[in-house]
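Working notes for the structure below.
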Amino acid sequence: MVQITINDHTVEAEPGRRLVEVIKEQGITITNLCYIDGLEPYAGCRTCIVEIEGARPTPLQLSCVAQVTEGMVVRTHTEEAKRTRQSVMSIIMANHPDRCLSCHRRVHCMPGDICLRDDVVTHRCLTCSKNYRCELQTSCENLDQGEFEEPWVGEARSYYETPPPEPDRGNPFLEFDPQMCIICTRCVRACDDLRHTGAITLSGKGHTTMIAFGTGGQVHESDCDFCGACIDVCPTATLMEKPNKWVGKADDWTNSVCNSCSVGCTISYGLNDDFGPTIVRPDRVNPASRDQICVRGRFHYDAIPDKQRLSRALVRAGDRLLPASSEDALARAVEAVSAVKQAAGAGAVAVLGSPMATNEESFVLAALARAIGTPHVDFASGAVHRAVSQALEGAFGTDRLPASLADLERSDTIVTIARDLEESHQVVALRIRDAVVKRKAKLVRISPMWSEMDGFSHAVIRVQPGHEAAVTQALVDGAAAPDGVDAAQWQAALDALAAAQADAESLATVVYAPNNQDVALAGEGAKAAANLAIALRGQAAPDHLLYMPTEANVRGATDAGIAPGPGGKSFAEIVAAAQAGEVRAVVLHGDNPLLTAPGGPAIAAALANLEALVVVDEVRSTAAEHATVVLPMAPFFASSGTLTNADLHVFRHNAAPKGKAPSGLSVLQALAQGLGASVAFESPAAVTEALAAEVPGYPTNAMLGAAPGGTRVVGSPSRASAQAVAPAPASPRGEGSRGEGELTLITGRSLYHSWEGSSIRSEEADKLHREEQAWINPRDAEAARIRTGDVIDLVGEAGTVHIAARLDDGVPPGTVYVPLYFDAGAVLALYPLDGQAAGAPAVRLRALQPA
Amino acid sequence: MPLETESKARVRALISEFRPENGDLLATLHKVQHEFGYLSREAMEVIGEQLDLFPAHVYGAASFYEEFRFEPPAHTNIRWCSGPACRLRNSNGIRDAMLATLGLDEIHEQTEDGRVGVINGQCNGCCELAPMVWLEQHETHTVRPVGNLTAASAIRMARALRDGTEIEGALDAAFERTPSGSGVSNG
């Protein structure tokens, strides 16, 4: 630390730091339109000029380029510095509508008023959607740009006479309006250096320079993933969120967390007094996500229109669900469940929770189950999680491993055993890319499918679906390349692992994201992943193995008690028992198992067979169609509580209130009270306290408040017990059992599908409509005479999926990929209910009429 | 996402000699445009793969240069010299006459059937031939300088090209002569 003087105040600062960051930290407002904190300076806008005493050749220096040195004397607001910044700003505005920005009357103007300076409507701040939240506008105000004598005052300017370039409104997320651009290139650098996506570039030259996406086409034709990092840094209205863009001015901000996947990126909802949450920005609390999120976190709160959310309770009357008052519906729900309990005992009632709900809701739901007296409590993917947990406990003595997501970007060797992290856990993929690009880390991918991550990989091990565990184990054993694996890639992977083993100082990380459709396979994969971590790092393995569940709060739901009690049935067993008439009532909270669990037809039949089905949900899901009573609850973004992410951070989620539906917590509590539970929590915070008291390791409110991003529920793995676990005998799944003309099915989470949208078959489920195709290898397609765009049937034992085909080298021959959320989980009909013994399901192709 | 197609494989084979971090980008772009007449989106993606660049960066570099095209060129392009000597000898009038004959509004457009386009050219110093144009055919890699044009001969030439005549025939029509040999055509 050295001492410098800024505006006559002595300040401690780190030597070598960029001066502009220190100035901003002191609370001094200074214009800087091209600098991005943490990145190398670009020095393009030149609006951050300050006076540095004794600097050569002139004291006027760019504070983004200048680095802190001992004894530096800086003045930010001298007459000359300010005038220089004003003149720089006036040059920037030569190519931006600037009349309002330098007009003293602006505060008096209303959108409908006639401009007294004769400014055309399309060039006025008042008719710009970024008005009042525009960095350029704020900068002009801070600089008193209105006082500056523009050199062109009174002259006709070509800017106002040339037609503006066309905006790109071709996609549902990002609006690109080049007429507002001041070519600061922040977006270009954010896309390259913060995201490693490289979808934005500068095109043209001289006066025609403009930012462009991809190869000059529309945004959605480029590599853009719509993460919105460019939106966050754009100082003008050039790059904007399309949803809510006219009401994006926030009156307040929350500290919340995204529940789209288990990374648990912390986000901030911008709350508009009249419209609720209208905008999302990254919230830096989560040390893994920091200033980055993905398209799901930024846009999925808005995935479906409000009118598709439940606002009233529904009660069954014959074939129909009719609106009812919430009191009546609640009474009816209690009565229906109690009747079954009385007639057939508590064992005839089952409770199904949600891995997307808050810990608090799960905790109250578990209390509800205890009040009923049933041990049959689970969620759709609970068995997958327990299989992984069991494997990890076998290896390390605990499943709460201390490995941290924040270590990914510091790793030197990374092995991922996952279908496609880019699609399923995008911010994890981003941190892996950080390591690969910035540290030249070696990435080994074990996956049945192509991913954008292939381009960043040192070795890609393409496996047949279902062989992930066996192949990983072969890698641990240093065996020869298994059948069908490229020998050169295999050798490269072995070399990378050997190098990591040889250098004990280097950081090696194994990332395991199990498939949600096969319990046994998930467990085997976890064993293999644990063995790999042990092979790489021995006793320290628990620090280097990351387990990424598919859904956001799998950990928290399980910890809060959504798991079978003694003698309790798992989800698949509950479904089977319901089909057999043994389980006759189900309370289903916040999830649609038809969308996430294998065996769709069996689940639908089980739900239809129930005497009483009480659904507590925010949307009228396809499962809710079978309900006796549907109780509406507020959407996730409008509920408060905590979430436990993949690396066991507990993050607080503060509600972004919207709509009139009561919170899930209050609905569950009322239901639990009706069923005889003695729960009476006044607030979500009270539940947090109760949870902390009951579940070992969980933080109290005080702990959460003291360290918002540092509260973890890590167990203490006994180092001595880090022992290799015996892998299951390598069972060739799919391949061997596959008959002539059959394809092995691959499915999984894709990037653009929203939970809610898919859950109700909404058109909005995939706003881009980019992922509604089955990927088929050209070799198989040729044999079946299929071209891209043809509609095909995928015929399995239990059902048929009707989908458009796409020829793609991304899937190996003999396989077909169908996105999980296509047509509300239609592909799950092709999986057996207990995905264990049957292996990866095989399907036959049936070509229909070309599309 | 990836799907290997025949056209991608052609680009890949064409540029297989170029390597990342060798400063090969412009040479690669030239080679691809020479072969295909323009830089397609697909070609830029393959170039990016070959040179370890994002497609956007390939486009960013290519779009800096006027000579790289992103749309297929016309069958015959009239490259109109925009140099000062030609302008002194009424090249603006010749340009406007040709555009009007072809039914085009501006330079860098082409006729609807894609037969004839007019593009901008730079002075190459043979100002004794002013005003001049070059007739270019990408398919045969032909470039034919045509000098000492008049508005009347330019219109005859443009009309002949528009009506489907190839370069030599168009020159014969322009200068009202019987079919002849090559060299600089001179009114």
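All values reported here derive from a predicted model rather than from experimental measurement.
Taking all atoms of both residues into account, the shortest heavy-atom contact from A/A774 to A/V816 is CB-CG2, 4.0 Å. For the pair A/L239 and A/C230, the tightest heavy-atom approach, listed with the atom from each and the gap, is CD1-CB, 3.7 Å. The minimum heavy-atom distance between A/A229 and A/Q292, with the atom names listed, is CB-OE1, 3.4 Å. Taking both residues in full, the closest heavy atoms of A/V188 and A/T201 are given as CG2-C, 4.1 Å, listed atom of the first, atom of the second, then distance. When every heavy atom of A/R749 is checked against every heavy atom of A/L820, the shortest pair comes out as N-CB, 4.3 Å. Residues A/R445 and A/D420 approach most closely at NH2-CA, 4.0 Å, considering heavy atoms.
Proximity to chain A among residues 60-77 of chain B is limited to B/G60, B/S63, B/F64, B/Y65, B/E66, judged by heavy-atom separations below 4.5 angstrom. Annotation: residues 32-47 of chain B contacts chain A through B/R41, B/M44 [non-hydrogen atoms, separation under 4.5 Å]. By a heavy-atom distance cut of under 4.5 Å, A/K205, A/A212, A/G214, A/T215, A/G216, A/E221, A/D223 are the residues of residues 205-223 of chain A near chain B, going up by number.
For A/D192, the part lying near chain B is the side chain, with the backbone staying farther off; criterion is any non-hydrogen pair under 4.5 Å.
Around CZ of A/R439, the count of heavy atoms belonging to other residues, nucleotides or ligands within 6.0 Å exceeds 12. With a 6.0 Å radius and a threshold of 12 heavy atoms from other residues, nucleotides or ligands, B/E112 has its CD atom at or below the threshold.
Using a 4.0 Å cut-off between a side-chain N of Lys or Arg and a carboxylate O of Asp or Glu, B/E166 and B/R115 qualify as a salt bridge. A salt bridge is defined here as a Lys NZ or Arg NE, NH1 or NH2 lying under 4.0 Å from an Asp or Glu carboxylate O, and A/R189 with A/E40 fails to meet this definition. Using a 4.0 Å cut-off between charged side-chain N and carboxylate O, B/K31 and B/D24 make no salt bridge.
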Show me, pair by pair, the donor-acceptor contacts under 3.5 angstrom made by side chains of residues 117-134 of chain B, not counting sequence neighbours?
none

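Using the six-membered ring where Trp is involved, A/W775 and A/Y817 have ring planes that are perpendicular, over 60° apart on the 30 and 60° scheme.
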